[in-house]
Amino acid sequence: MNDTLSLQNFFARANVRVLAAPLLIVMILAMMVLPLPAVLLDVFFTFNIAISIMVLLVAMYTRQALEFSIFPTVLLVTTLLRLSLNVASTRVVLLEGHSGPDAAGKVIEAFGHFLVGGNYAVGIVVFAILVVINFVVITKGAGRVAEVAARFTLDAMPGKQMAIDADLNAGLIGEDEARKRRLEVGQEAEFYGSMDGASKFVRGDAVAGIIILFINVIGGFIVGVLQHDMALADAAKQYTLLTIGDGLVAQIPALIISIAAGLVVTRVGSDRDMGEQFIGQIFRDPNVMSITAGIIGTLGLIPGMPNLVFLTLAGGLGAIAWKMKQRAAQAAQEAPVQAVRDSATSEPAEASWSDVAPVDVLGLEVGYRIIPLVDKGQDGELLRRIRGLRKKFAQDVGFLSAPVHIRDNLELKPQGYRITLKGVEIGAGEAFPGQHLAINPGRVNGTLPGRATSDPAFGLPAIWIDANMRDQANALGYTVVDAATVVATHLNHVILTHAAELLGRQETQALLDHIAKESPKLVEDLVPKQISLAALQRVLQNLLEEGVGIRDMRTIVETLAEFAPRTQDPLELTAQIRIALGRAIVQGLFPGAGEMSVLALDPQLERMLGQAVATGGDGAGIEPGLADALLRHAANAARAQEDLGQPAVLLVPQGLRWLLSRFLRRSLPQLKVLSHAEVPDSRTIRVTSLIGAHS
C-alpha cells in the first residue's frame, strides 16, 4: 500500500512536459531495435504525418522566426522519427511481405496501391519526383537561404548591440528592455546558425530514403524468391509495391517538413502571419488583377485552348478587380468628408496636461554635420563615448546622472553643438567631423596651419587640423583629439562642474535605496526619522559643489546619523561630513603619503576674517577693499603654486573654511580650501606661501 502511494506521489510531482522529450527520443530509438506489429506501424506513420502537418501550420502562422526557435530541434527529431519508421517498416516488409499487400500495415498498403494504382513503375516515378523536389529544389534552396541569413545575422550582431546600447544611453529604453533586446539578438544569431546546420538533416534524409528504397527492393526480391519460393514477377511486384508505399509514406512528411523549413527561413519579420501577408501583398492592386484577367482572357480566345477554363478564370479576376476599384473610389470620396468631421471634432478640444512636455535634465543639441557622430545607424562614435562618460561619472562621483538626450537643431551652425541643463544652455562649441583638434598645453615648439580656436572644455588655445597632420602635431607637442572626443570631453567637464544640480530628489532616493540593500537598518533609522530627504539632498549637493565625491555613502550616512540629532543645519552637517571624509579628500589632492605643500593665511588677515564671520555670519562683513586684495593675492599665490607643479590648496581654520570656499570658488575654481580638522594627523604640512595684506 505504501509503495503504491509512493509511486503515485512520484508521478504527481513529476513534470510531464519535462519527461515528454526524453520519452519521445527513447521511443524513437526503441523503434529501430524492437520489432513492431503492423498496427503500431499504422499508428506511428499517422502520427508522423500529423506532426509534419502541425509543424507546417505553425511555420505559416509564425510572425517572427524566434517564435519558432525550437524548429531546428524539431527538424532533427522528425528526421530521426522518419528514419526509425523506415527501419521498423523495412523489418516488417522483409519478414512478412510474402503474406500479402497489407503485411506492413494499412497505411503502407494505401500509399502503395491506391495512391499509385498498384503500379510499381508509376510508384517508382512518383517517389523519384518527390525526392527530386525535396532534395534538389526545396531543401537546397532553404539551406542556402539559411546559410546566407546566418552569415548576415552574425555580421550584423555588433551593430545591433551598439544600437541597443545607444538607445539605452539616450534614455529611449530601460535596462530590462535593453537586456531583452540583447537576448533576442543572440537568440536570432543562434537560430539561423542552427538552421544552417539543421538543413543538412533533411538532405541526408532524402539520400537515405533513396538508398533504403533500393535496399528494400533488392532485399525483398531475394527474400521472396529464395526463402518463400515466390515467382520472380510476383516477388518483384509484391516487395516493390510495399517498398514504394513505405517510401511514399516517409517522403511526403519529409516534403512537408522541408516546406516548413523553407517558410521559416525565407519569411521577413512582420506583425502579420503569412496568410495575411500573402493576400495583402499579392491581391492588393486592382490594376494587376485587371491586366492578368485581360491576358488570361486573350489566351482563352485562341482556338484549341481550354476556352471555358481560361475565360471563367479571366471573368473571376475581372470581377474581383472591378469590385476593388469600386471600394477604392468610395473610400476616396468618403476620405475628405471624414477628414472634415475629424477636424470639426478636434477643433474644440481643450488643452490638457499631456500637452506639457517635460524638460530634459541633460541635453545635447547638434548641427546637421555632427549628426553622423550621434547616429546609431552610422555607428556614431560619440554615442559610445557618452555611455562611457555616464559610467565613469557614476564610478567617480557616486551616483547615476540623468541620461543625455540627443537631438538635432537646425538653428545651430552646421558644425555647432550646445549642452543644456534643464533646458538652459550651459556649454557650446564647434566640432568638425573628419578633422582633429590640436590643443596647445603651453609647451609646443612650432605652429600648424588650420582653423584657430580654443578648447571648449578648458579654454586652451587650439587649432583644427586635417587628420593627416596628426603625427606632425604630436611631434610638435600638441595634444591631438578627434571631433567626438572634443564633444565628449566638453560634456564630461560640464557634467562634473554641475554635478550638484544633477543630484535631484529622485537621484537621492535612488542612492538611498542602493545603500539600503547593504545597510537597510542604517538608512531606515536616518531617513526620515532623523533627517528629511530634502535636507540630505542639500548636504550632498554642498559636497558636490566643492568637488567632493559621494561614493563613500556609508561614511556619510553614519556621520549624519551621529550629528543629525544635534543639528539640522546643512552647512554644519556638511562640515562634519568633510571632516569624516578628510582622508579621502586629502588623498585626492595629494596622492601618496608625502608632504603637503599648501597655502595659508597671514595671522592678521586670519583674525580680520574671523571678526567678519563673527559679525556678519556669512562673510557679508568683509570690506570691499579687503575682499579685492584677498582675491588678488589668492590668485597670485595659486598661480605660483601651479607653476611649481603643486595643487593650489589653501589651509584655513575650520570656522573660515566655508566662507573662503564660497568666496573664492567663482573666481578661482582651481583653488581648493581645506580646514585643519580635515587633514589627517599622519600627513606632514609645509606652508609655501602666506596670503595676507603684505603678500
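Each residue takes its place number in the sequence, starting with 1.
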Which heavy atom of Val586 sits nearest to which heavy atom of Pro680, and what is that distance?
CG2-CD, 3.8 Å
Which heavy atom in Phe432 sits nearest to a heavy atom in Gln415, and how many Å separate them?
CE2-CG, 3.5 Å
Keeping the roles fixed (side chain from Gln537, backbone from Leu503), state whether a donor-acceptor pair exists under 3.5 Å.
yes
Suppose the criterion is side chain to side chain donor-acceptor pair (under 3.5 Å): which pairs have a residue in residues 573-589, not counting sequence neighbours?
Asn542-Thr574, Glu572-Gln576, Arg578-Glu678
Partner set under salt bridge (charged side-chain N to carboxylate O under 4.0 Å, His left out) for Asp408, not counting sequence neighbours:
none
Checking Thr420 against Val359 for the side chain to side chain contact (heavy atoms under 4.5 Å, CB included) test, could you report, in this order, the C-alpha distance in whole Å, the side-chain angles of both residues, the deciding distance, and whether it holds?
CA-CA 10 Å; Thr420 60; Val359 178; over 6 Å; no
Show the nearest heavy-atom pair for residues Ile465 and Pro449, with the distance to one decimal.
CG2-O, 3.7 Å
Hey, are the side chains of Val366 and Leu373 touching, using non-hydrogen atoms and a 4.5 Å cut-off?
no
Is any side-chain heavy atom of Asp513 less than 4.5 Å from a side-chain heavy atom of Gln509?
yes
Would you be so kind as to tabulate the donor-acceptor pairs closer than 3.5 Å made by side chains of residues 638-653, with sequence neighbours excluded?
unit_1 : atom_1 : unit_2 : atom_2 : d
Arg639 : NH1    : Asn636 : OD1    : 3.1
Gln641 : OE1    : Thr688 : OG1    : 2.9
Gln641 : NE2    : Ser597 : O      : 2.9

Only counting residues at least two apart or in another chain, list the ones meeting side-chain contact (heavy atoms from CB on, under 4.5 Å) with Leu412.
Glu365, Asn409, Arg418
Short question: side chain of Asp360, backbone of Leu362 - any donor-acceptor pair under 3.5 Å?
no
So do Leu674 and Leu589 actually touch side chain to side chain, heavy atoms under 4.5 Å?
yes
Output for pair (Phe399 CZ, Arg551 CZ), nearest 0.5 Å, gives 13.5 Å
Could you go through Val374 and Val487, starting from their C-alpha distance and side-chain angles, then the distance that decides it, and tell me whether this counts as side chain to side chain contact (heavy atoms under 4.5 Å, CB included)?
CA-CA 11 Å; Val374 295; Val487 181; over 6 Å; no
How many angstroms lie between CG in Leu656 and NE2 in His676, if you round to the nearest 0.5 Å?
9.0 Å
Nearest 0.5 Å, please: how far is OG in Ser454 from CG in Asn440?
12.0 Å
SB check Arg632 Asp628 (cutoff 4.0 Å)
yes
Pair Gln654-Ile579, side chain to side chain contact (heavy atoms under 4.5 Å, CB included): steps then yes or no:
CA-CA 10 Å; Gln654 175 67 19; Ile579 295 175; 4.2 Å; yes
Apply the test side chain to side chain contact (heavy atoms under 4.5 Å, CB included) to residues Val679 and Val598: give CA-CA distance (whole Å), side-chain angles for both, the deciding distance (0.1 Å), then the verdict.
CA-CA 11 Å; Val679 180; Val598 300; over 6 Å; no
Could you tell me which residues satisfy salt bridge (charged side-chain N to carboxylate O under 4.0 Å, His left out) with Arg505, sequence neighbours excluded, listed by chain and number?
none
Quick check: closest heavy atoms across Ala600 and Val687, and the distance to 0.1 Å?
CB-CG1, 3.7 Å
Within 6.0 Å of CD in Glu411, more than 12 heavy atoms from elsewhere
no
By salt bridge (charged side-chain N to carboxylate O under 4.0 Å, His left out), which residues pair with Asp552, not counting sequence neighbours?
none
Please name all residues satisfying ring pair (Phe, Tyr, Trp, His ring centres under 6.0 Å) with Phe590, sequence neighbours left out, ordered by chain then number.
none
Would you say the side-chain atoms of Ser661 pair up with the backbone N or O of Arg657, donor to acceptor, closer than 3.5 Å?
no
Would you say Leu668 and Gln670 make side-chain contact, with heavy atoms under 4.5 Å?
yes
side-chain hydrogen bond (donor to acceptor under 3.5 Å, both in side chains) involving Glu545 - partner list, sequence neighbours excluded
Arg538
Kindly compute the distance separating CG (Leu476) from CE (Met469), expressed to the nearest 0.5 Å.
8.5 Å
How long is the gap from OG1 on Thr497 to CG on Leu421, to the nearest 0.5 Å?
11.0 Å
Hey, are the side chains of Ile556 and Leu543 touching, using non-hydrogen atoms and a 4.5 Å cut-off?
yes
Any sub-3.5 Å donor-acceptor pair from Gln541's side-chain atoms to Ala500's backbone N or O?
yes
Taken to the nearest 0.5 Å, the spacing of Asp466 CG from His436 NE2 works out to 10.5 Å
Determine whether Leu382 and Leu364 make a side-chain contact, defined as any pair of heavy atoms from C-beta on separated by less than 4.5 Å.
yes
Salt bridge (charged side-chain N to carboxylate O under 4.0 Å, His left out) involving Arg443 - partner list, sequence neighbours excluded
none
Distance-only criterion, 3.5 Å: show the donor-acceptor pairs between side-chain atoms of residues 455-463 and protein atoms not counting sequence neighbours.
unit_1 : atom_1 : unit_2 : atom_2 : d
Asp455 : OD1    : Ala457 : N      : 3.4
Asp455 : OD2    : Phe458 : N      : 3.3

Quick one: does Leu609's side chain get under 4.5 Å of Leu660's, heavy atoms only?
yes
Sequence neighbours excluded, the answer for ring pair (Phe, Tyr, Trp, His ring centres under 6.0 Å) partners of His498 is none
Closest heavy-atom pair and its distance - Pro441, Tyr478:
CD-CA, 4.4 Å
Are Met553 and Leu540 packed together at the side-chain level, in the sense that at least one heavy-atom pair is separated by less than 4.5 angstrom?
yes
Can you see which heavy atom on Gly416 is nearest to which on Ile370, and at what distance?
O-CD1, 3.3 Å
For residues 471-487, which residue pairs pass the salt bridge (Lys or Arg N to Asp or Glu O under 4.0 Å) check, not counting sequence neighbours?
Arg385-Asp482
